[in-house]
Undergrad: 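I am attaching a structure below and will ask some questions about it afterwards.
Proteins come first, then strands; the chains are lettered A, B, ... in the order of their sequence lines, and each starts at number 1.
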Amino acid sequence: MELSKNFQHNEAELKWYAHWNESGYFKSVPDERPPYTIVIPPPNVTGVLHMGHALNNTVQDILIRRAKMQGYNTCWVPGTDHASIATEAKVVNMLRDMGIDKKTMPRDEFLKYAWQWKEKYGGIILKQLEKLGCALDWERTSFTMDDDYYAAVIRVFNELYEKGLIYRGVKMINWDPKAKTALSDEEVIHRQTNSKLYYVRYKIDSEVEEYITVATVRPETILGDTGVCVHPEDERYAHLKGKFCFVPLINRRVPIIFDEYIDKEFGTGALKITPAHDINDYNLAQKHGLPVVDTLNEDGTMSEAAQLYIGQDRFVVRKAIVEDLKTSGNFVKEEDYSNQVGFSERTDAVIEPRLSMQWWCNMQELVKPALKAVVEDEEIEFHPAKFKNTYKHWMGTIRDWCISRQLWWGQRIPAWYDLEGGLYVAQTSEAAHAQYAAKKPELAAKHPELRQDDDVLDTWFSSWLWPMEVFGWNKDPNNKDLNYYYPTNTLVTAPEIIFFWVARMIMAGYEFLGKKPFDKVYFTGIVRDKQGRKMSKSLGNSPDLLKMIDDYGADVVRFSVVITSPAGNDLLFDDAQLEQGRNFCNKMWNAMRLVKGWEGRCQKGLDDSQVKFAMDWMDARLATVSQELTEMIAEFRLSEGLKTIYSLIWNDFCSWYLEWVKPGMEQPISKNVYDRTIAIFEQLLQLVHPYLPFVTEEIYHILKDRVAGDDLINRQLPVLTTPDAQILKDGLMLQELITAVRDTRNKNQLKPKDQIKLWVDSDNQAFYNKVQDILKKQINAGEISFTTEPKQGTISIVVQTDKLYIEAAATAGIDTTAQKLQMEKDLVYYQGFMASIDKKLGNERFVQNAKPEVIENERKKYADAQAKIKTIEESLALL
RNA sequence: GGGAGCAUAGCUCAGCUGGUUCAGAGCAUCUGCCUUACAAGCAGAGGGUCCGCGGUUCGAACCCGUGUGCUCCCA
């Protein structure tokens with residue numbers, strides 16, 4: 001077979017993904033093996049794959065593939081989230097493009113369109129995950145609005161309602177005037193914004209002409225003012241006790257109240273109270289019995305209650321009212337002001353605090369076991385652990401969760417009302433009617449219809465059940481899958497949704513199943529561009545991931561997102577990483593081509609004693625790295641793990657090992673060496689496979705003919721062995737020798753082709769005998785001989801405590817100044833080094849306090865340095 | 001305002017329990033090579049006041065305090 005010079009990814013990726021999938025390797029059913037389970041953070045049905053998904057899902061895939069090789073029954077559950085606000089917005093837009101207004105449409109019809117939209121576009125992101133190579137158990141694909149899932153959400157609502165944890169009430173909520181729905185606190189993003197602070201004076205109701213000046217950034221809310229508040233100890237306003245003033249333009253007479261809440265230093269020290277549109281004002285109004293005037297419509301225009309500007313947008317009014325205040329003489333001044341403004345996470349509209357009737361979930365009880373599990377018992381581990389603090393802080397200050405949304409796409413709130421406003425919460429309409437009939441038989445007989453609540457539940461009110469419901473909790477909480485796979489092992493997610501999702505899943509797990517949903521949570525970083533900016537559509541700095549996969553291959557994309565992404569740190573994405581990944585795949589590919597080329601040149605019975613050292617050394621390196629990698633992956637240090645294997649393959653295997661065992665041109669190779677090389681190669685491929693599944697599977701199969709079912713993805717990792725420390729040490733010495741001689745050649749313009757003769761003055765001749773053929777080949781020495789005498793007319797160098805003399809045709813007249821300088825530099829360094837150890841060992845307190853092994857080590861270092869200095873001095877004397 | 005975190009080579013970061021063969025890696029840079037697996041490569045090399053200051057300690061990149069600069073979360 002003719003092998004191309006570089007790895008061709010496109011065909012190989014399609015081929016292997018199909019093969020894995022069709023062979024059922026992704027499929028999991030409970031068996032006697034221990035499970036390793038991950039549930040995917042379900043992407044929005046509206047989603048398309050972006051860098052964040054790539055990182056997140058690559059990490060999960062690495063964990064899954066690695067666990068599979070360790071003998072676990074791995075199960076990675078895919079699925080999507082119905083994402084009520086985002087999806088509804090998409091459908092509304094689609095309808096608008098079709099010339100249809102949502103408002104003119106009944107709910108059922110809208111939902112029909114929504115489902116059509118979901119069927120058509122909802123699966124795109126899952127297809128894209130296939131391209132990335134994700135080993136997902138597709139038969140388990142779930143959706144948060146599947147029938148069973150829907151029922152589970154309704155059931156949970158009922159259970160919490162019956163426990164008294166869910167209630168209906170009027171409270172100040174975050175109102176998104178664009179989506180026309182309430183948002184939870186978590187869905188509001190606060191951003192520092194440049195605003196104006198307007199000073200406006202309100203006339204006091206008294207005989208004399210007197211005013212009180214307030215400062216506000218939202219002058220349009222003046223129309224909803226029902227009071228003015230000052231600090232009780234503020235002498236400037238003490239005389240206003242019991243007085244009233246007039247709201248400008250509309251002349252509403254409102255009281256001046258006194259409360260310690262007021263910050264005397266801020267503005268004028270006087271605060272206008274707009275209870276309907278500010279949470280703090282609302283609280284003050286409640287305390288002081290002030291009325292509430294809601295001046296806003298649901299779309300952010302002024303309502304009738306505002307009296308003025310009715311129907312005009314709040315931001316238009318903000319400008320208009322300033323002009324009108326100027327005209328009326330109430331305007332004092334304006335200042336530039338920077339403040340935090342809340343924006344909707346979904347629509348980016350400026351949030352209006354608004355009083356409204358919503359459904360709430362009391363969190364006080366739910367929080368307790370969830371807090372304990374993470375913070376006290378550490379039953380659930382967070383990686384990195386720093387997020388424990390964030391979690392603890394939030395859980396400690398949690399408030400009730402606003403769970404109703406004024407939307408149609410989602411789980412409709414299972415609450416029904418009779419004509420008198422009576423409320424019936426039930427799992428089904430029938431059950432609600434039964435309640436009604438039992439409670440109000442007369443009314444029910446006359447007016448049997450009940451009206452269901454129009455709102456749906458917050459999307460997160462369904463996602464919090466994800467780890468349990470994907471295994472069919474609602475239908476049978478004692479089913480085989482749930483018992484086997486739950487609690488899941490690891491959750492991999494972004495720190496941004498620690499409150500939205502992670503915390504609530506933990507609460508739901510304990511509340512409804514009495515068990516945690518997962519053992520460990522691994523928080524990935526946020527993907528940023530080279531300049532450290534978050535990737536976003538508006539900045540246009542988000543690369544086209546699918547094109548990237550096409551151009552470079554999924555392996556390379558995976559490589560590039562993992563390599564710079566230490567646990568919990570942000571990931572700065574740069575094209576240079578793509579190149580590095582591509583080069584690495586190519587490196588492995590070419591190593592394969594080299595080894596593959598030996599296949600026909602194998603001979604049995606060849607003397608391979610001279611390369612035995614190379615093989616033993618490579619085995620020891622493999623054993624070392626296997627051990628390290630196991631630890632790193634267990635600690636989620638995935639990027640470090642990849643770097644470690646990268647270096648093992650590129651440096652140890654390709655640059656050293658293959659060069660050491662490589663036969664001369666057209667020369668035969670020992671069958672034994674060939675077989676061991678293949679075995680080593682296979683193990684290397686196996687270590688990288690979780691990171692780069694496609695290229696490794698492809699090479700694995702080209703390297704050797706495989707029987708059906710012998711696929712890399714399935715190979716089990718060998719048991720860890722302890723590496724031979726002496727061989728590792730010898731390997732380092734050999735590398736050091738080779739590098740030192742090559743460096744010397746370089747510095748003395750000795751061409752690689754010029755053969756040299758090497759004299760060695762060492763008391764470890766056995767070592768040189770063991771590696772001499774390798775050494776000869778690597779430094780192009782015709783001969784290596786031992787000596788105890790300095791050799792005249794050679795270049796002398798020192799490696800560790802051995803003296804080497806390089807003799808070549810051209811060495812006689814070579815300039816040794818540079819070398820001399822280097823040696824003198826080394827000498828100074830080692831003398832200083834020795835002196836510092838000497839001082840330390842001479843320090844009584846050190847000898848008393850330091851651990852014995854530390855002292856022992858210092859003594860050894862001292863002796864080594866001493867020997868080294870002696871050697872250098874001897875060599876210097878020669879020059 | 002409350003909380004969390006970061007500062008080490010030009011860049012991105014390691015450095016896990018304090019112990020100079022521990023100041024490291026990758027990328028980038030420089031020098032020399034088209035050596036028959038790979039120029040998407042090979043062989044070498046250079047590069048650092050471990051943010052400033054103070055303290056603890058026999059010993060500090062590491063622990064403590066403080067200053068400066070930056071980031072994130074919450075109100």
Undergrad: Work out how far the C1' atom of B:G47 is from that of B:G10, and round it to whole angstrom.
TA: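 Roughly 9 Å separates the two C1' atoms.
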
Undergrad: Within this structure, what is the CZ-to-P distance between A:Phe382 and B:A4, rounded to whole angstrom?
TA: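 Rounded to whole Å, this separation is 17 Å.
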
Undergrad: With C1' as the reference atom in both, quote the distance from B:U57 to B:G69 in angstrom, rounded to an integer.
TA: 29 Å

Undergrad: Provide the distance between the two P atoms, one in B:C22 and one in B:U31, to the nearest whole Å.
TA: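 That atom pair is separated by 30 Å.
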
Undergrad: Can you measure A:Lys386 atom NZ to B:C73 atom P for me and round it to whole angstrom units?
TA: 12 Å

Undergrad: OP1 or OP2 of B:G41 sitting under 4.0 Å from any side-chain N/O of A:Asn583?
TA: yes

Undergrad: Students often get this wrong, so: under 4.0 angstrom with heavy atoms, is A:Thr397 touching a base, only sugar-phosphate, or nothing?
TA: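 The answer is nothing, as A:Thr397 stays clear of every strand by at least 4.0 Å.
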
Undergrad: Verify ring-ring contact (aromatic ring centres under 6.0 Å, His included) between A:Trp598 and A:Tyr674, making sure each step is shown before the conclusion.
TA: CA-CA 7 Å; A:Trp598 299 342; A:Tyr674 178 75; 7.1 Å; no

Undergrad: Rounding to a whole Å, what distance do you find between A:Asn586:CG and B:A39:P?
TA: 8 Å

Undergrad: Taking the nucleotide of RNA chain B with the closest heavy atom to each, which residue, A:Trp656 or A:Arg601, is nearer the 5' end?
TA: A:Arg601

Undergrad: I'd like to know if A:Gln778 reaches the base of B:A43 with its side chain, counting only an N/O donor and acceptor under 3.5 Å.
TA: no

Undergrad: Once you round it to whole Å, what is the distance between C1' of B:U31 and CG of A:Asp743?
TA: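 Whole-Å distance recorded here is 11 Å.
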
Undergrad: Touch check for A:Glu631, heavy atoms < 4.0 angstrom, all strands: base, sugar-phosphate only, or nothing?
TA: nothing

Undergrad: Taking protein heavy atoms under 4.0 Å as touching, what does nucleotides 24-30 of chain B look like 5' to 3' if B marks base contact, S marks sugar-phosphate-only contact and - marks none?
TA: --SS---

Undergrad: Taking atom C1' in both B:G59 and B:A14, what distance in whole Å separates the two?
TA: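 It works out to 23 Å between them.
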
Undergrad: Looking at A:Thr739, I'd like to know whether one of its side-chain N or O atoms comes within less than 4.0 Å of OP1 or OP2 on B:G44.
TA: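 For B:G44, OP1 or OP2 has a side-chain N or O of A:Thr739 closer than 4.0 Å.
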
Undergrad: Dot-bracket notation for RNA chain B is requested: 5' to 3', Watson-Crick or G-U wobble pairs only, both distances under 3.5 Å, with ( ), [ ], | and . as defined.
TA: (((((((..((((.....[....)))).(((((.......))))).....(((((..]....)))))))))))).

Undergrad: Looking only at side-chain atoms of A:His393, point me to the closest of B:C42, B:C73, B:G2.
TA: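 Taking heavy atoms from C-beta onward, the closest nucleotide is B:G2.
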
Undergrad: Please work out whether the ring planes of A:Trp660 and A:Trp656 are parallel, tilted or perpendicular, with thresholds of 30° and 60°.
TA: tilted

Undergrad: What's the NZ-P distance between A:Lys587 and B:G41, to the nearest Å?
TA: 7 Å

Undergrad: Do A:Lys662 and A:Glu659 sit within salt-bridge range, that is, some charged N less than 4.0 Å from a carboxylate O?
TA: yes

Undergrad: What's the gap between B:C34 and B:C42 when it is taken at their P atoms, as a whole Å value?
TA: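 One P to the other, the span is 16 Å.
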
Undergrad: Looking at A:Ile351, is its backbone amide N or carbonyl O close enough to the side chain of A:Asn174 to form a donor-acceptor pair, meaning the two atoms are under 3.5 Å apart?
TA: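 Side chain of A:Asn174 to backbone of A:Ile351: no pair is present.
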
Undergrad: What nucleotide, of B:A43, B:A40, B:A37, holds the atom closest to the side chain of A:Asn590?
TA: B:A37

Undergrad: Rounded to whole angstrom, note down the C1' distance from B:U36 over to B:C16.
TA: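 Taking atom C1' in both B:U36 and B:C16, they lie 46 Å apart.
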
Undergrad: Provide, to the nearest angstrom, the distance between the CG atom belonging to A:Asn389 and the C1' atom belonging to B:C73.
TA: 12 Å

Undergrad: Looking at A:Glu599 and A:Lys596, is there a salt bridge between them, counting it only when a charged N and a carboxylate O are closer than 4.0 Å?
TA: yes

Undergrad: Can you tell me the distance, in whole Å, between the CZ atom of A:Arg745 and the C1' atom of B:C42?
TA: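 Distance, rounded to whole Å: 14 Å.
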
Undergrad: A:Ala591 side chain: which of B:A43, B:A45, B:A37 is closest?
TA: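 Nearest to the side chain of A:Ala591 among the choices is B:A37.
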
Undergrad: Taking B:G15 as the reference, what is the distance to B:C62 when you measure between their C1' atoms (whole Å, please)?
TA: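 After rounding to an integer number of Å, I get 9 Å for this pair.
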
Undergrad: Can you tell whether the side chains of A:Arg637 and A:Glu628 come within less than 4.0 Å, N to carboxylate O?
TA: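 So A:Arg637 does not pair with A:Glu628 through a salt bridge.
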
Undergrad: With rounding to whole Å, what would you report as the distance between B:G26 and B:C33 at their C1' atoms?
TA: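 About 23 Å, rounded to a whole number of Å.
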
Undergrad: Can a donor-acceptor pair be found, under 3.5 Å and without considering hydrogens, that links the side chain of A:Arg601 to the backbone of A:Gln667?
TA: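 Here the side-chain-to-backbone pair exists.
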
Undergrad: How many Å lie between CG on A:Asp754 and P on B:A43, as a whole number?
TA: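 That distance rounds to 19 Å.
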
Undergrad: Is there a donor-acceptor pair closer than 3.5 Å between any side-chain N or O of A:Asn6 and the backbone N or O of A:Asn586?
TA: no

Undergrad: Assign A:Cys654 to base, sugar-phosphate, or nothing according to its heavy-atom contacts below 4.0 angstrom with the strands shown.
TA: base

Undergrad: Taking A:Phe584 as the fixed residue, which of A:Tyr552, A:Trp589, A:Tyr646 is the one that meets the ring pair (Phe, Tyr, Trp, His ring centres under 6.0 Å) rule?
TA: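 Checked A:Tyr552, A:Trp589, A:Tyr646 against A:Phe584; only one passes ring pair (Phe, Tyr, Trp, His ring centres under 6.0 Å): A:Tyr646.
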
Undergrad: Within the distance-only criterion (no hydrogens, no angle test), does the side chain of A:Arg745 pair as donor or acceptor with the backbone N or O of A:Ile779 below 3.5 angstrom?
TA: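 Yes, A:Arg745 side chain to A:Ile779 backbone: donor-acceptor pair under 3.5 Å.
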
Undergrad: Out of A:Tyr522, A:Tyr391, A:Phe387, which one pairs with A:Phe382 under the ring pair (Phe, Tyr, Trp, His ring centres under 6.0 Å) rule?
TA: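 That would be A:Tyr391.
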
Undergrad: Taking atom types as they are modelled, would you say the side chain of A:Lys5 forms a donor-acceptor pair with the base of B:C38 within the 3.5 Å cutoff?
TA: no

Undergrad: Select base, sugar-phosphate, or nothing to describe what A:Arg742 touches, counting heavy atoms under 4.0 Å on all strands.
TA: sugar-phosphate

